[in-house]
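Reading through the structure tokens given below for one structure.
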Amino acid sequence: MKLDRRTFIKGAGASTAGCALATILPGSVGAMEPGALNAKGEEIASICEMCSTRCPISARVVGEKAVSILGNAKAKSFGGAVCARGGAGHSLLYDKQRIVKPLKRTGARGEGKWQEIEWSEAYQLISDNLNRIKAEHGPEAVAFSSKSGSLSGHLFHLAKAFGSPNTFTHATTCPGGYVIAAKAMFGGKIKRDLGNSKYIINFGHNLYEGINMSETRGMMKAQMDKGAKLVVFEPRFSIVADKADEWFAIKPGTDVTVALALCNVLIEDNLYDKAFVAQYVEGFEEFAAEVKAYTPEWAERISDVPAADIRRIAHEYAAAAPHAVVDFGHRASFTTEEFELRRALYAANVLIGNIEKKGGLYFGKKAKTYNKLAGADVTPSLGKPGVEGMPKATAKRIDQVDEQFAMCWSSGGIYQTVLDATLQGVPYHLKGWVISRSNPMQTMTDRKRVVEALNKLDFVVACDVYISETAAYADVILPECTYLERDEEISDKSGKSPAYYVRQQVVDVLGDAKPSWQIWKELGDALGLGQFFPWDNMDALQMVQVKGDAQWLNTIKTEGFVSYGVPLMLREAKMVSKFVESYPDARTPDADGTYASALTFKTPSGKIELTSAKVEAMAPGRGVIRYREVRMKKADELFFIQGKVAIHTNGATHNIPMLANLMSDNAVWIHPLTASQLGIENGDPIRLHNDTGSEEGHALLTPGIRPDTVFAYMGFGSKNKELARATGRGVHCGNLLPHVTSPVTGMNLHTTGVKISKR
Ligand SMILES: Nc1nc2c(c(=O)[nH]1)N[C@H]1C(S)=C(S)[C@@H](COP(=O)(O)OP(=O)(O)OC[C@H]3O[C@@H](n4cnc5c(=O)[nH]c(N)nc54)[C@H](O)[C@@H]3O)O[C@H]1N2
Ligand SMILES: Nc1nc2c(c(=O)[nH]1)N[C@H]1C(S)=C(S)[C@@H](COP(=O)(O)OP(=O)(O)OC[C@H]3O[C@@H](n4cnc5c(=O)[nH]c(N)nc54)[C@H](O)[C@@H]3O)O[C@H]1N2
Ligand code: SF4
Ligand SMILES: [Mo]
């Protein structure tokens, strides 16, 4: 199926198709509810936390206590806007179902019996239990997990002080695939310059629903202002597919074949950038030899994407080079072979030499790099509090049992190994789990196994704003105040030049909730680890960050988002010339006016490793990017895939009143042909089942999906009765997904097979 530009423009104006665009509007004013807080009154620059994109916002209390949230106009790439979820922050803030007092479990785990307690009692209870586990089993028997970002820093600091190496972010449930592939090939994370791209090839990165404000707006800018062509490979007619020039309903899990076939055409038809490859690439010959077999015809047989189209797209893409990009995607994983897929997608970029070119891929320019090139400290950098004598963990991390996972731990670890260690004692038994801003019951896979693990542990602590599905199984729940009620450290938000921003408290704290930095510091005190938290408050920490420069701190707080210098991409002569004009001591440009000679990679060879000896040593047979067949489902099952919806976030927002009112259920997308074979009609109650679990939902018949595939928006169907607005509404995706750890990246798997029947 294909769409042309005319359909795209028409679609953008229609009500349903325009939905994703319409949601990217300045925020809204919240309804007031009784029993809330004192307001500070003025316009305050801060950071959204309705999802982990963390956009810069400007929040204002209107009247007594309603909060209006807009995007911060100073953060240009975010367009001074928030999405629908960002505009709904007040609805979380004033939700009476939020927890604002520590809770102690009084019934069985998950039974829903709670007693409100004081913080002092909560800290005592937790420290008694964690210190007991430490004495009996060692500090490594306690795992600490948190979604990455400003919140995880303080919890992981506590873990370190406690002596446990077992800290985990959400990495293996989300970005681990592309992060670890980038580490292997480029030596670190790389960004995409969608806004300046003339040709974008997209493999299931649904930026118009899985919103990242600056990238979403970048892609809108490229499409609408610059006339970029967008080609989308996606098993269903997502909003991005709807806005594309061409959509190919690719078979789930086969993207790697099309990516490799694009590389095949670029090489065989001599369309690749030979000078770039010669200067920057290691292992091209081995890659080219491997890719020879991956012809478009071969890819068509596996993926259902016509060979002629793959060939044509490769030529069009090369013609737009280097201002063209193959988007390497975000949420994984579509198959267990994430490592190969993400490397193949990067390879298609490397071959056209779009690295550090407008519209291609580039590295973030933090102060250290930027100042080095400028030959002077032209942008300030952040300081860190030095903490003396932090203990070194003696035990090995639970996820480091196999050399192939060596790249995982520094990227957040293999989250689901918490279950393996708890249930099977591999490589040793966990006894405690401190979980913050993470809801694995909904967002990890195999819900039953998560329940089993939580039930088996001696002691579980959850820190959340709600009694999430996971928190419902904790022994103690610590109520964090929402992002609108707390100050945090300054964060580095550098892009093409250095940038900083800060979260600031907008309204007084509701009830007895606290910011997590304070919670973990106070728990540190209770655990007898107070010496490792030598700061009194957030002001003191921020002052260390700005190295005592109160004026700088004031600027960041007033502006909310401060960027420095001129944007820089090393291989763009115009940008380099502007940079040199701005800074008299700047590095002398190369003969071609660029900083091409400054482009190096933190890999063993210092080059882009299309083929990697390091990876070969870690995981024999994987040095070269290679197709490996994977079976995602049984022959008589349908593919079950998921994705984000524009008005909810992961497993987090389904109980927020305003968003729950907008959407509280996730009907299952089924192709009419498939439905008629199964005797299912639109709206029918259905059952989805497989070896992992069984879920009940409703059918949504649509031709916008492959007949062999069904789709549901994730995050619904909570089984926790405390989340009253979300309980039992829709299909719980995690309950149907098997527990898997993929090679090299350690990723969870979000695609599986299901059978469907009418209820
Ligand atoms: N509104 C909203 N925005 C969000 C979030 C949110 O929850 N809600 N979450 C944020 C987070 S944490 C992330 S990681 C990003 C994620 O943003 P995305 O990476 O875009 O995430 P998804 O929507 O999960 O998946 C994208 C698409 O992949 C498709 N898909 C499934 N299987 C396959 C396959 O085998 N091949 C191909 N080509 N496509 C496939 C799905 O149909 C879906 O449309 O979004 C961020 N932004
Ligand atoms: N089946 C399936 N599973 C998936 C995905 C999928 O597409 N399909 N997507 C995956 C992706 S991309 C991601 S990123 C993960 C995300 O999964 P998680 O890392 O679990 O993140 P969220 O679901 O966004 O939020 C987790 C918890 O944070 C709480 N929270 C919100 N604000 C705060 C706060 O200020 N403080 C504290 N302490 N808690 C807060 C919420 O109430 C929620 O319980 O899920 C992954 N899991
Ligand atoms: S994308 Fe939306 S919800 Fe996420 S941080 Fe930005 S404004 Fe908030
Ligand atoms: Mo994510």
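As the structure lists them, so they are numbered: ligands from 1, and atoms in each ligand from 1.
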Within-cut-off N or O pair, R85 and ligand 1, under 3.5 Å
yes
Between N202 and G204, is there a donor-acceptor pair closer than 3.5 Å when you use the side chain of the first and the backbone of the second?
yes
So is R217 actually on top of F78's ring, under 6.0 Å and inside 45° of the axis?
no
The closest protein heavy-atom partner of atom 3 (N) of ligand 2 is H750 NE2, 3.5 Å
On the six-membered ring of F639, is K633 placed so that its NZ or CZ lies under 6.0 angstrom from the centre and within 45° of the ring axis?
yes
Can you list the atoms of ligand 2 that are under 4.0 Å from a heavy atom of R331?
7 (O), 9 (N), 12 (S)
Closest heavy-atom approach to atom 24 (O) of ligand 2 among I519, N650, T173 is made by N650
Just to be sure I'm reading this right: ignoring hydrogens, which of E480, M441, E49, K147 gets closest to atom 36 (N) of ligand 2? Compare them by their nearest heavy atoms.
E480
Ligand 2 and Q442, any nitrogen or oxygen pair closer than 3.5 angstrom?
no
Indicate yes or no: does an N/O atom of A646 lie under 3.5 Å from an N/O atom of ligand 1?
yes
Out of M213, R236, H170, H205, indicate the one that has the non-hydrogen atom closest to atom 18 (P) of ligand 1.
H205
Less than 3.5 Å between some nitrogen or oxygen of E234 and one of ligand 1, yes or no?
yes
Run H750 and F640 through ring-ring contact (aromatic ring centres under 6.0 Å, His included) and show every step you take.
CA-CA 8 Å; H750 294 156; F640 175 52; over 10 Å; no
Check: T336 main-chain N/O paired with S333 side-chain donor or acceptor under 3.5 Å
no
Indicate yes or no for a side-chain donor-acceptor contact from T674 to the backbone of P707 under 3.5 Å, with no hydrogens or angles considered.
yes
Is there a polar contact, in the sense of an N or O pair closer than 3.5 Å, between S238 and ligand 1?
no
Does R437 reach ligand 2 with a nitrogen or oxygen that is under 3.5 Å from one of the ligand's nitrogen or oxygen atoms?
yes
Which of the atoms of ligand 2 are close to G651, meaning less than 4.0 Å from one of its heavy atoms?
23 (O), 43 (C)
Could you check T653 against I656 for side chain to side chain contact (heavy atoms under 4.5 Å, CB included), going step by step and ending with a plain yes or no?
CA-CA 5 Å; T653 57; I656 296 176; 3.9 Å; yes
shortest atom 4 (Fe) of ligand 3-to-protein heavy-atom contact is with C51 SG, 2.4 Å
Checking contacts here: is it the side chain or the backbone of V645 that comes within 4.0 Å of ligand 1, counting heavy atoms only? Could be both or neither.
backbone
I would like to know whether V240 and E209 meet side chain to side chain contact (heavy atoms under 4.5 Å, CB included); could you show each step before the answer?
CA-CA 8 Å; V240 160; E209 277 191 290; over 6 Å; no
Sole candidate of L659, L662, N666 that passes side-chain contact (heavy atoms from CB on, under 4.5 Å) when paired with H648:
L659
If you compare N439, L484, N720, V465 by their heavy atoms, the one closest to atom 34 (C) of ligand 2 turns out to be V465
Starting from atom 1 (S) of ligand 3, what is the nearest protein heavy atom, named by residue and atom, and what distance separates them?
R85 NH2, 3.4 Å
Of all the non-hydrogen atoms in the protein, which one sits nearest to atom 47 (N) of ligand 2, and at what distance?
T443 O, 2.7 Å
What do you reckon, does S438 put a non-hydrogen atom under 4.0 Å from ligand 2?
yes
Quick one: look up the protein heavy atom nearest atom 6 (Fe) of ligand 3 and list residue, atom name and how far away it is.
C55 SG, 2.3 Å
N/O of C174 under 3.5 Å from N/O of ligand 2, yes or no?
no
Should we count NZ of K448 as having more than 12 external heavy atoms under 6.0 Å?
yes
Does E209, backbone or side chain, put an N or O under 3.5 Å from an N or O of ligand 1?
yes
Under 3.5 Å between some N or O of ligand 2 and some N or O of Y466?
no
Short N or O distance, Y483 and ligand 2, threshold 3.5 Å exclusive:
no
Give the residue, atom name and distance (to 0.1 Å) of the protein heavy atom nearest atom 6 (C) of ligand 2.
M714 SD, 3.2 Å
When only distance counts, is N206 in polar contact with ligand 1, meaning an N/O pair under 3.5 Å?
yes
Heavy-atom contacts under 4.0 Å between D255 and ligand 1: side chain, backbone, both, or neither?
side chain
Between R437 and S146, does the side chain to side chain donor-acceptor pair (under 3.5 Å) criterion hold? Intermediate values first, please.
CA-CA 5 Å; R437 214 228 169 287; S146 166; over 6 Å; no
Run down the list E215, M213, E49, M50 and name the one with the heavy atom closest to atom 3 (S) of ligand 3.
M50
Proximity of L737 to ligand 2 by residue part, where a heavy atom lies under 4.0 Å
side chain
Do any nitrogen or oxygen atoms of M444 come within less than 3.5 Å of a nitrogen or oxygen of ligand 2?
no
Does T254, backbone or side chain, put an N or O under 3.5 Å from an N or O of ligand 1?
no
Based purely on interatomic distance, does K644 place a nitrogen or oxygen under 3.5 Å from a nitrogen or oxygen of ligand 1?
yes
Do D255 and R342 sit within salt-bridge range, that is, some charged N less than 4.0 Å from a carboxylate O?
no
Counting heavy atoms only, name the option from F640, F334, Y208, F711 that's nearest to atom 30 (N) of ligand 1.
F334
If we number the atoms of ligand 2 from 1 as shown, the ones under 4.0 Å from a heavy atom of C733 are 1 (N)
Please determine whether C83 has a backbone or side-chain N, O or S atom lying under 2.8 Å from atom 2 (Fe) of ligand 3.
yes
Look only at the side chain of S46 and the backbone of Q504, and say whether a donor-acceptor pair between them is shorter than 3.5 Å.
yes
Can you pull out the closest protein heavy atom to atom 43 (C) of ligand 2? Residue, atom name and distance to 0.1 Å, please.
D464 OD2, 3.6 Å
Ring geometry between W517 and H154 (parallel below 30°, tilted from 30 to 60°, perpendicular above 60°):
tilted
I'd like to know if the side chain of S438 reaches the main chain of K147, judged simply by a donor and an acceptor atom lying under 3.5 Å from each other, with no hydrogens or angles considered.
no
Test your reading of the structure: does Q642 have an N or O sitting under 3.5 Å from an N or O of ligand 2?
yes
Polar proximity ligand 2 side, R486 side, N/O cut 3.5 Å exclusive:
yes
Identify the closest protein heavy atom to atom 8 (Fe) of ligand 3: which residue and atom is it, and at what distance?
C48 SG, 2.4 Å
Any N or O on S52 sitting closer than 3.5 Å to an N or O of ligand 1?
no
If I apply the N/O under 3.5 Å rule, does G204 come out as touching ligand 1?
yes
What do we get for C463 next to ligand 2 when only non-hydrogen atoms under 4.0 Å count, side chain, backbone, both or neither?
both
Run the numbers on H732 and F716 for ring-ring contact (aromatic ring centres under 6.0 Å, His included), then give the verdict.
CA-CA 5 Å; H732 189 300; F716 293 83; over 10 Å; no
Side chain, backbone, both or neither: which part of E469 has a heavy atom under 4.0 Å from ligand 2?
neither
